A.B. asks: 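Sharing a structure, written as structure tokens. Questions coming.
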2 protein chains.
Amino acid sequence: MADVARLAGVSSQTVSRVSTGHPGVVGSTREQVLAAMKQLGYRPNSAARALKRGEFRTIGVILFTLATTGNSRTVEAIANHAAEEGYAITLIPVASPTQDGLLGAFTRLGELAVDGVIVIMEVHLLDAVTVVLPPGAQVVVVDSDAGDRYTVVDTDQADGARQAVRHLLDLGHRTVWHLTGPAGSFASQRREDAWRAILTEAGRPIPEVRHGDWSAESGYRAGLELAAEPGCTAVFAANDQMALGLLRAFHERGRRVPHDVSVVGFDDIPDAGSFIPPLTTVHQDFAAVGRLCVRAVLRQIRHEITEPGTTLVPTRLVVRASTAPAPAA
Amino acid sequence: MADVARLAGVSSQTVSRVSTGHPGVVGSTREQVLAAMKQLGYRPNSAARALKRGEFRTIGVILFTLATTGNSRTVEAIANHAAEEGYAITLIPVASPTQDGLLGAFTRLGELAVDGVIVIMEVHLLDAVTVVLPPGAQVVVVDSDAGDRYTVVDTDQADGARQAVRHLLDLGHRTVWHLTGPAGSFASQRREDAWRAILTEAGRPIPEVRHGDWSAESGYRAGLELAAEPGCTAVFAANDQMALGLLRAFHERGRRVPHDVSVVGFDDIPDAGSFIPPLTTVHQDFAAVGRLCVRAVLRQIRHEITEPGTTLVPTRLVVRASTAPAPAA
DNA sequence: CTTCGTAATGTTTGCGTAAACATATCCGGC
DNA sequence: GCCGGATATGTTTACGCAAACATTACGAAG
């Protein structure tokens, strides 16, 4: 900066004013400074800036994996909106969902240059290590019910599940079977609870749930079992990938979808419309989740109101070709 | 830090030594300092640290989207390996592949606190704005052939395509049709070139290519056309999602896969094994790509040898159920 | 018992920036 | 023509940390 100042024949403070866009610098001076900056290839040192200003203009995002559609789409939305607001985002992957992995991630995080943190995981996992969280603001997202302690943004899992089950019931199915996500996933738990609630409310029998792990492979294995259940005419899978596995299992076992069995997924991944048959599923607005997260952290960073609470993003049932009226008994 | 020093009854320099793990601090003193740190909830300020040391311990990753399997898996691998090495990663999303979007991203990047950059896109797009790149080290990845100017790490696209086409030819197919990715994608171009080369080499007719955009939907549209081509018994799709669309189109048109038509994809996404039928595809080792990228940037950051050049990560054909011998004419 | 070497700790300094304060310049009004 | 007040620019300082150098303490060798 001093070099630029020298070259432009001004003080370094004036250079600073130009580089931060502060007012009070007359046109001709500004021009000179800009020219000098360009000539010298000056770029402000963000570390010094951060040190001086006491903020990093960076948001940390902590998550287990980018491999699930939901996570990567949410992160992408977060990154885009943060960028719009002039914030960078730092990814903090937790290698493994063990105490060690978490601790490691949070230790790193503690030293990280972030003004706020978005946590994409069930927050109870954090409790053991939460002390290490930097004093900055935090938002907890997807997969948590800690709305009493944190600001939570999440898809309205319950309503999504409700729409899915209701759709199948309306189609005349006597009941709906359910394939869950992995234990420990709050989203999965929520969807299962809602499914059970609707069936109970409607006075329908509640079939035993099958447990999957989000993967298509686990859906396939569950599908093989369900194909053997005579009464099974409708299945609600907790995500689209498992639904894909279901589809394959039913196909292999000669159970036609949707003629013999109806299948509904959750997520509405881009491929869902190209499954065989195209999948009826619950659309999640990941972009909205990401946007709201960013907005919420920024609000906290800027010390605006910071009440804990949960913001729910609505879902929408997308009816395609994997559901049909129940087969005549 | 001064507070900690005061509480522990030592100088701030000793606190610094403890916090950075430098040697030359006797056990009892260290204990006291650690206790004081804990009591005061001290965390080192990384901005000050970065300013002092002249490095950020951060790597920037610039890309268009996280929505493609390849990108998100690569980023995940990068994040994990960077974390192992004590580096954080900052995501720099380019909103749109326009000049403006790029410029914006690179302007942000210029001011960003990164020691190195990993670029996940065709590097020619950068040429117009390349001046803005920070003086730090860079690695260019997936989707580029700028091995003469940069360090490039990429999947061996050509060999992957070769294996796919060779497999189909070996199965007795007279020729192989091809569905490309979007124009402007180097990976897609590479796969297409290799496909063409093999066919030429084998003296087979070269069907006109169909153009997709990586999406299953585009694969479906292409599939509808290909289903109408009487001579089409084998298709090589440039990625798995388009292959999925192909599968659906063929299914709808009554062209049985693999009995009537064989389909090969590229990527080996986790779902590929659950397609109907399970997809034969070229497996990409995204984890290796990510790991090599990190290793390469770090080498440059540490001023070790920094010759431009391309590192190719091998692929592997995974044969599942979507390919079979050519139907008898 | 002195001297020297080494290990432990303390003091000074500057990294690049921008806020706070200080100074210079210019203009209009009387 | 002189003064008050804006406006443009310069000077000083501190942000938190860790290198570099300085000091102290202590034990071993002579």
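The structure displayed is predicted, hence computed values, not measured ones. Chain A is the first sequence line, chain B the second, and so forth, proteins listed ahead of strands; every chain is numbered from 1. FYI, side chains are in, hydrogens and waters are out, and symmetry mates aren't considered; it's all heavy atoms of this structure.
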A.B. asks: Keeping the roles fixed (side chain from B:D115, backbone from B:T58), state whether a donor-acceptor pair exists under 3.5 Å.
C.D. replies: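 Yes.
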A.B. asks: Tell me yes or no: between the side chains of B:R49 and B:S19, is some donor less than 3.5 Å from an acceptor?
C.D. replies: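 Distance-only check passes for B:R49 and B:S19.
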A.B. asks: Donor-acceptor pair, A:N71 side chain versus A:L66 backbone, under 3.5 Å?
C.D. replies: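 Not at all, since once roles are kept as given, no pair shorter than 3.5 Å links the two residues.
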A.B. asks: Quick check on D:dT9: is either OP1 or OP2 less than 4.0 Å from any side-chain nitrogen or oxygen of A:T29?
C.D. replies: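 Yes, within the criterion.
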A.B. asks: In B/S/- notation, 5' to 3', how is nucleotides 12-21 of chain D contacted by protein heavy atoms closer than 4.0 Å?
C.D. replies: --BBBBBBB-
A.B. asks: Please confirm whether the shortest side-chain N or O distance from A:T14 to OP1 or OP2 of D:dG10 is below 4.0 Å.
C.D. replies: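 So the side-chain polar atoms of A:T14 do come within 4.0 Å of the phosphate oxygens OP1 or OP2 of D:dG10, strictly under.
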A.B. asks: Output the rounded distance in Å from CD (A:Q32) to P (D:dA8).
C.D. replies: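 Spelled out: CD on A:Q32 to P on D:dA8 is 15 Å.
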A.B. asks: Is it true that a side-chain atom of A:D154 and a backbone atom of A:L312 form a donor plus acceptor pair closer than 3.5 Å?
C.D. replies: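 Checking the backbone N and O of A:L312 against the side chain of A:D154, no donor-acceptor pair under 3.5 Å is found.
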A.B. asks: Does anything in residues 72-93 of chain A form a salt bridge (Lys or Arg N to Asp or Glu O under 4.0 Å)? List the pairs, not counting sequence neighbours.
C.D. replies: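 Listed by first then second residue: A:E85-A:R302.
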